[in-house]
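Since the model is a prediction, treat every value here as computed from it, not as a measurement. Ligands are counted one by one from 1 in listed order, and the atoms in each one are counted from 1 as well.
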Amino acid sequence: MHPDARIYVAGHGGLVGSAIVRRLQAAGFTNLITRRSRDLDLRDQAAVQAFFQQERPEYVFLAAAKVGGILANSTYPAEFLYDNLMIAANVIHAAHLSGVTKLLNLGSTCIYPREAPQPLREDALLTGPLEETNRAYAIAKIAAIELCDQYRAQYGCDFISAMPTNLYGPGDNFDLLGSHVLPALIRKMVDAQEAGQPTVQVWGSGTPRREFLHVDDLADACLFLMERVSEPGPINVGTGEDLSIRELAERVRAAVGYTGELVFDPSKPDGTPRKVTDVSRIHALGWHHQIGLEEGLRHTVDWYLAHRGHVRGEAAAVSSPA
Ligand code: GDP
């Protein structure tokens with residue numbers, strides 16, 4: 001990408017999109033195109049096509065999505081399927097029609113079958129049934145990969161797909177009902193410590209294993225892939241290292257300095273038992289993550305403390321996922 005390339009970051013207000021904008025700005029790209037969702041509804045085909053014809057982006061980072069944690073995914077599956085299918089179909093088709101040079105589509109490692117061998121390799125895609133709690137979201141994300149690959153096959157479009165593991169970092173959603181585990185635990189323990197609350201609830205059994213990638217590392221990988229890789233199929237982006245939710249909760253407790261007890265709530269779903277990515281493909285391409293969990297947690301807790309009261313999802317007692 002040349003320094004004044006016209007680059008559209010779809011979803012620039014979210015955890016991933018905002019990190020991509022920061023990374024592109026740091027690398028000296030000056031011609032970034034963004035739209036808030038209230039100004040451009042990516043589920044609206046006509047609006048998306050008009051936007052692409054008018055702005056003529058050369059590069060597209062597709063980081064716009066309806067996302068959320070395990071509870072949000074199982075509570076609003078229709079929206080997770082419809083919104084994400086529409087966003088992917090509209091943006092990828094409009095990118096083809098308007099002659100975009102290259103597009104990077106972002107998904108998630110929840111596209112892989114629940115019982116796929118761990119660590120999850122890219123070739124596990126479509127080899128078995130999906131995890132029930134995020135099947136709707138996963139099917140939309142699989143459709144987006146297929147769109148990129150079929151537009152590449154039929155029209156020669158240079159559209160690629162990156163599948164990050166569970167992400168965290170500044171700009172995350174801290175709504176306790178809609179968010180993922182890591183921001184939820186940070187918020188619960190900061191609040192509990194302040195209130196002198198003796199216990200914090202952690203959902204499920206604590207035994208599921210998850211991998212966490214700092215979103216600044218993902219943004220770095222996105223720029224790397226955009227500049228250097230043109231291949232069909234998903235490309236995993238992760239650390240390749242996982243830990244149990246119980247271990248994660250202990251790490252968050254240490255980072256926050258919470259002195260109370262952790263209580264596990266088995267009435268909440270565990271989700272898939274293990275989700276760790278095989279990162280040998282992206283390592284072989286030449287990219288490696290930089291930010292370890294301890295450093296990333298400390299950074300995220302500091303960011304949360306510095307931005308408290310103005311953080312996404314924080315004000316919501318009960319809300320739908322956004
Ligand atoms: P998943 O990776 O798609 O399952 O998404 P989550 O990040 O929402 O959940 C990961 C795991 O953390 C699941 O086993 C949850 O039950 C567990 N967990 C523990 N406490 C919490 C919490 O407060 N919020 C969320 N979202 N998950 C939690």
Side-chain angles (χ1 to χ4, degrees), residues 15-16 65-77 80-81 84 107-116 118-120 130-141 163-169 172-192 197 199-215 236 238-239 241-253 256 258 260-277 293 296-297 300 304 312-314 316-322:
L15 173 67
V16 172
K66 168 82 87 187
V67 297
I70 191 163
L71 191 65
N73 267 275
S74 26
T75 313
Y76 307 101
F80 276 82
L81 181 58
N84 289 313
S108 153
T109 54
C110 72
I111 59 165
Y112 296 116
R114 177 185 158 93
E115 304 297 341
Q118 304 275 340
L120 297 160
L130 297 163
E131 156 63 27
E132 187 65 31
T133 52
N134 53 34
R135 196 175 69 211
Y137 177 78
I139 284 181
K141 291 296 175 184
M163 298 301 122
T165 188
N166 291 33
L167 299 167
Y168 70 98
D172 210 340
N173 174 11
F174 286 79
D175 169 7
L176 292 182
L177 293 180
S179 74
H180 286 100
V181 58
L182 198 148
L185 291 180
I186 291 178
R187 177 174 168 193
K188 285 186 199 178
M189 291 194 212
V190 168
D191 286 352
Q197 196 185 302
T199 61
V200 156
Q201 291 235 327
V202 182
W203 295 355
S205 62
T207 59
R209 298 185 69 85
R210 295 288 185 275
E211 171 189 5
F212 297 91
L213 179 71
H214 193 283
V215 73
N236 291 341
T239 65
E241 296 153 19
D242 66 347
L243 76 174
S244 71
I245 295 301
R246 180 183 293 273
E247 289 164 328
L248 174 74
E250 290 296 348
R251 298 269 203 111
V252 173
R253 172 157 64 174
V256 166
Y258 177 56
E261 295 295 315
L262 306 178
V263 177
F264 290 85
D265 175 2
S267 73
K268 292 286 196 305
D270 268 345
T272 197
R274 191 172 182 211
K275 204 163 45 168
V276 63
T277 52
L293 184 58
L297 258 181
T300 307
Y304 177 64
R312 203 152 50 100
E314 207 181 27
V318 178
S319 77
S320 65

Original post:
Roughly how far apart are Leu130 CG and Ile111 CD1, rounded to 0.5 Å?
Top reply: 9.0 Å
**OP:** Would you mind running through ligand 1 and noting each atom that sits below 4.0 Å from a heavy atom of Ile245?
**Re:** 11 (C), 12 (O), 19 (C)
Subject >> Member of Asn166, Thr277, Thr109 meeting the side chain to side chain donor-acceptor pair (under 3.5 Å) criterion with Glu211 >> reply: Thr277
Subject >> Among Lys275, His180, Arg246, closest by any non-hydrogen atom to atom 3 (O) of ligand 1 >> reply: Lys275
Original post:
For Ala116, what residues pass the side-chain contact (heavy atoms from CB on, under 4.5 Å) criterion, not counting sequence neighbours?
Top reply: Pro113, Leu120, Ala124
Original post:
What distance separates Leu213 CG from Thr165 OG1, expressed to the nearest 0.5 Å?
Top reply: 7.0 Å
Original post:
What atoms of ligand 1 come closer than 4.0 angstrom to any heavy atom of Ala184?
Top reply: 22 (C), 23 (O), 24 (N)
Subject >> For ligand 1, the portion of Leu71 having any non-hydrogen atom under 4.0 Å away >> reply: neither
**OP:** With side-chain contact (heavy atoms from CB on, under 4.5 Å) as the test, would you mind laying out the steps for Val181 and Leu248 before giving the verdict?
**Re:** CA-CA 9 Å; Val181 58; Leu248 174 74; 4.0 Å; yes
Subject >> Lys268 touching ligand 1 at heavy-atom level, < 4.0 angstrom >> reply: no
Original post:
If hydrogens are left out, which of Pro269, Ala249, Cys110 has an atom nearest to atom 15 (C) of ligand 1, that is, the closest non-hydrogen atom?
Top reply: Pro269
**OP:** For ligand 1, note which part of Lys188 has a heavy atom under 4.0 Å away: side chain, backbone, both or neither.
**Re:** side chain
**OP:** Identify, by atom number and element, the atoms of ligand 1 in contact range of Pro208, meaning under 4.0 Å from any of its heavy atoms.
**Re:** 14 (O)
Original post:
For ligand 1, which atoms sit closer than 4.0 Å to a heavy atom of Asn134?
Top reply: 3 (O)
**OP:** May I ask you to identify the nearest protein heavy atom to atom 8 (O) of ligand 1, giving residue, atom name and distance to one decimal place in Å?
**Re:** Ile70 N, 2.8 Å
Original post:
Among all protein non-hydrogen atoms, which one is nearest to atom 26 (N) of ligand 1, and what is the separation to 0.1 Å?
Top reply: Ser179 O, 3.0 Å
Subject >> For Asp270, the ligand 1 atoms whose distance to one of its heavy atoms is below 4.0 Å >> reply: 13 (C), 14 (O)
Subject >> Min N/O separation Leu185 to ligand 1 under 3.5 Å >> reply: no
Subject >> Mode of Gln201 contact toward ligand 1 - side chain, backbone, both, neither (heavy atoms, under 4.0 Å) >> reply: neither
Subject >> Over all atoms of both residues, closest heavy-atom pair of Thr133 and Gly271 >> reply: OG1-CA, 4.0 Å
**OP:** Rounded to the nearest 0.5 Å, what's the gap from OH on Tyr258 to NZ on Lys188? Could you check?
**Re:** 11.0 Å
Subject >> Distance filter under 4.0 Å to Gly69 heavy atoms, resulting ligand 1 atoms >> reply: 8 (O)
**OP:** Can you see which heavy atom on Pro208 is nearest to which on Thr272, and at what distance?
**Re:** CB-O, 3.9 Å
Original post:
Residues in side-chain contact (heavy atoms from CB on, under 4.5 Å) with Arg209, at least two apart?
Top reply: Asp242, Ser244, Glu247, Arg274
**OP:** Specify side chain, backbone, both or neither for Val181, according to which of its non-hydrogen atoms lie closer than 4.0 Å to ligand 1.
**Re:** both
**OP:** Taking only heavy atoms of Val202 into account, list the atoms of ligand 1 that are under 4.0 Å away from them.
**Re:** 19 (C), 20 (N)
Original post:
Tyr304 vs Phe174 aromatic rings, parallel, tilted or perpendicular, using cut-offs 30° and 60°?
Top reply: parallel
Original post:
Under 4.5 Å between any side-chain heavy atoms of Leu15 and Asn173, yes or no?
Top reply: no
Subject >> Protein heavy atom at shortest distance from atom 2 (O) of ligand 1 >> reply: Arg210 NE, 2.8 Å
Original post:
Which of these, Tyr137, Phe264, Tyr168, Trp203, has its nearest heavy atom closest to atom 19 (C) of ligand 1?
Top reply: Trp203
Subject >> Side chains of Asp191 and Gln197 in contact at under 4.5 Å (non-hydrogen atoms) >> reply: no
